[in-house]
**Student:** 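There's a structure below that I have some questions on.
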Amino acid sequence: MAEIELELFNNQLVQKLVGVSDANLRLIEKMLNVEILSFGNQITIKGNPKEAEEAKAAINVLYDKVSKGIEVSEQEVKAAVRICSDCHDDEEVQNLNEIVLKTKKRYIYPRSATQAKYIQEMMKNELVFGLGPAGTGKTYLAVALAVSMMLEGAVDKIILSRPAVEAGENLGFLPGDLKEKVDPYLRPLYDALYEMLPAEQVDKKLALGEIEIAPLAFMRGRTLSNAFVILDEAQNTTPMQMKMFLTRLGENSRMVVNGDLSQVDLPRGTVSGLRDALDTLKNISNVSAVSFSAADVVRHGLVAKIVKAYEEKNKKLQENDRD
């Protein structure tokens, strides 16, 4: 058993860190199976050496956040523990803790080491594939980086797209005009934008074409320059659609292609364009793929358990098929 003494220097910040009735410390205890005692600005951590060090690192991360005026919620505590558990040393924790995306309405931080890697890869590469289950922040973080880069003047446009009505984009049978047919399938992209920019700015940029949200078919024949382009639900593209989309990339642009290969809605026997692209482009420079898992789910805790249960079920089915 290890015992670590931690002294923090601002009692007011410590109160914000520990939470009401030390609720944040109790959550860290539960997640890491350690004991944490708090007396004023003195914190004592008892437990197995590895978990005790992770708890110390998480508390330091949270102290840094409250020092910057960030409110420590339950999600922030879980994120700090998750990141510190995934990292190998204090330097790596510090590097990840310094990653921030600035938008008009909020600062956005990675909530797992995989999310941090994803942001770093998007900043570095012209084409990034984000792979994994719902709730891992793939689309949200891509939109956040796009908004951040637009506000900095690094790109002129944000273009958000996804296949509508499965992969075939069969919109003709739905009621209403084109916008009414398409909007329900693009709603998650609108929701992310409105969380990062004031509503009037989103509406203005949509009207001016600085932000464009459109089904995949609308990308055909275009060259997308000075833009941040995001394709969501990419597992439901065909190889031909994916090739069409990827070859729209123009000068000073970057693309992020997100999808979950366990949720393909294509007709049986049709190869997913996302899977085909990953195989085809795996040896090309400036192309990166980041894989998320149930451990990276940042929605309600039950969502992570649901995703993990399905992953385990699919793994067993694959093992049975091999047998």
Side-chain angles (χ1 to χ4, degrees), residues 1-101 106-120 132 135-137 141 290 292-308 311:
M1 296 288 287
E3 182 172 316
I4 297 174
E5 300 286 344
L6 190 59
E7 182 177 5
L8 305 173
F9 298 101
N10 186 315
N11 282 356
Q12 289 183 325
L13 294 180
V14 172
Q15 286 304 309
K16 293 179 180 179
L17 186 162
V18 301
V20 178
S21 302
D22 291 352
N24 295 335
L25 299 185
R26 301 291 81 81
L27 180 55
I28 296 173
E29 286 181 330
K30 182 178 179 181
M31 293 180 72
L32 293 174
N33 193 29
V34 296
E35 180 184 0
I36 305 176
L37 306 174
S38 175
F39 301 99
N41 65 340
Q42 303 281 336
I43 293 178
T44 303
I45 306 165
K46 300 178 181 179
N48 289 328
K50 181 177 181 295
E51 285 75 16
E53 286 293 338
E54 289 172 2
K56 174 189 172 184
I59 289 170
N60 281 327
V61 166
L62 295 172
Y63 186 75
D64 183 61
K65 288 188 181 299
V66 294
S67 300
K68 295 174 180 175
I70 301 168
E71 183 179 348
V72 174
S73 63
E74 179 179 329
Q75 288 300 321
E76 291 291 347
V77 176
K78 290 180 178 179
V81 172
R82 192 183 295 117
I83 285 175
C84 294
S85 298
D86 290 343
C87 291
H88 298 98
D89 52 46
D90 290 343
E91 182 179 357
E92 186 178 359
V93 171
Q94 183 62 32
N95 289 340
L96 297 190
N97 195 41
E98 290 175 358
I99 297 173
V100 56
L101 301 177
R106 64 185 62 193
Y107 289 174
I108 295 166
Y109 301 86
R111 292 190 167 185
S112 71
T114 308
Q115 284 195 352
K117 179 184 177 184
Y118 180 56
I119 294 172
Q120 290 171 325
T136 51
L141 292 174
V290 179
F292 294 82
S293 70
D296 299 299
V297 172
V298 293
R299 292 182 184 169
H300 190 286
L302 184 58
V303 176
K305 294 178 181 177
I306 291 169
V307 171
K308 186 175 181 180
E311 285 181 350

**Student:** Considering only distance and modelled atom types, tabulate donor-acceptor pairs under 3.5 Å from the side chains of residues 25-37, sequence neighbours left out.
**Tutor:**
residue, atom, partner, partner atom, Å
R26, NE, E29, OE1, 2.6
R26, NH2, E29, OE2, 3.2
R26, NH2, I36, O, 2.8
E29, OE2, I36, N, 2.6

**Student:** Specify the closest pair of heavy atoms between A58 and C84, including all atoms of both residues, with the distance to one decimal.
**Tutor:**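 The pair with the smallest heavy-atom distance is N-SG, 3.4 Å.
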
**Student:** Going by heavy atoms in the side chains, are T136 and T114 under 4.5 Å from each other?
**Tutor:**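 Answer no - side chains too far apart.
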
**Student:** Please list all pairs passing the side-chain hydrogen bond (donor to acceptor under 3.5 Å, both in side chains) test where one or both residues lie in residues 12-25, with sequence neighbours left out.
**Tutor:**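 Qualifying pairs: none.
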
**Student:** Look up atom CG in N11 and atom CG in L17, then write down how far apart they are to the nearest 0.5 Å.
**Tutor:**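 Those atoms lie 12.0 Å apart.
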
**Student:** Which pair of non-hydrogen atoms, one from G47 and one from A52, has the smallest distance, and what is that distance?
**Tutor:**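 Closest approach of G47 to A52: O-CB, 4.3 Å.
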
**Student:** Enumerate, atom names and distances included, each donor-acceptor pair closer than 3.5 Å involving a side-chain atom of residues 64-72, sequence neighbours excluded.
**Tutor:**
residue, atom, partner, partner atom, Å
D64, OD2, K68, NZ, 3.1
D64, OD2, N97, ND2, 2.8
S67, OG, Y63, O, 2.7

**Student:** Who pairs with K50 by salt bridge (Lys or Arg N to Asp or Glu O under 4.0 Å), at least two apart in sequence or on another chain?
**Tutor:**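 Here the qualifying residues are E54.
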
**Student:** Checking E92 now: which residues fulfil side chain to side chain donor-acceptor pair (under 3.5 Å) with it, not counting sequence neighbours?
**Tutor:**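 Applying side chain to side chain donor-acceptor pair (under 3.5 Å) to E92 gives H88.
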
**Student:** Do I4 and I43 have side chains that get closer than 4.5 Å, going by heavy atoms?
**Tutor:**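 No - every pair of side-chain heavy atoms lies 4.5 Å or more apart.
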
**Student:** Nearest heavy-atom pair of S112 and R82: which atoms, and what distance?
**Tutor:**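 For S112 and R82, the tightest heavy-atom pair comes out as CB-CD, 3.4 Å.
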
**Student:** Which value, rounded to the nearest 0.5 Å, describes the distance between L141 atom CG and I119 atom CD1?
**Tutor:**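 Answer for the CG-CD1 pair, L141 versus I119, is 4.5 Å.
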
**Student:** What residues form a side-chain contact (heavy atoms from CB on, under 4.5 Å) with I83, not counting sequence neighbours?
**Tutor:**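 Testing I83 for side-chain contact (heavy atoms from CB on, under 4.5 Å), a comparison that skips the adjacent residues, returns C87, L96.
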
**Student:** For F292, what residues pass the ring-ring contact (aromatic ring centres under 6.0 Å, His included) criterion, not counting sequence neighbours?
**Tutor:**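 Partners of F292 by the ring-ring contact (aromatic ring centres under 6.0 Å, His included) criterion, ordered by chain and then number, come out as Y118.
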
**Student:** Can you confirm whether I59 sits close enough to L8 that some side-chain heavy atom of one is under 4.5 Å from a side-chain heavy atom of the other?
**Tutor:**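 SC-SC contact between I59 and L8 confirmed.
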
**Student:** Show the nearest heavy-atom pair for residues A80 and V61, with the distance to one decimal.
**Tutor:**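 Residues A80 and V61, closest heavy atoms: CB-CG1, 4.0 Å.
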
**Student:** Who passes side-chain contact (heavy atoms from CB on, under 4.5 Å) against N48, sequence neighbours left out?
**Tutor:**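 If we apply the side-chain contact (heavy atoms from CB on, under 4.5 Å) test to N48, skipping adjacent residues, the hits are M1, E51.
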
**Student:** Residues two or more places apart in sequence or in another chain: which of them pass side-chain contact (heavy atoms from CB on, under 4.5 Å) with E7?
**Tutor:**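 E7 satisfies side-chain contact (heavy atoms from CB on, under 4.5 Å) with F9, N41, Q42 only.
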
**Student:** Please enumerate all residues that pass side chain to side chain donor-acceptor pair (under 3.5 Å) together with T44, with sequence neighbours excluded.
**Tutor:**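 T44 satisfies side chain to side chain donor-acceptor pair (under 3.5 Å) with E5 only.
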
**Student:** With sequence neighbours left out, write down each residue that passes salt bridge (Lys or Arg N to Asp or Glu O under 4.0 Å) with E76, or none if nothing qualifies.
**Tutor:**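 By the salt bridge (Lys or Arg N to Asp or Glu O under 4.0 Å) rule, E76 matches R111.
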
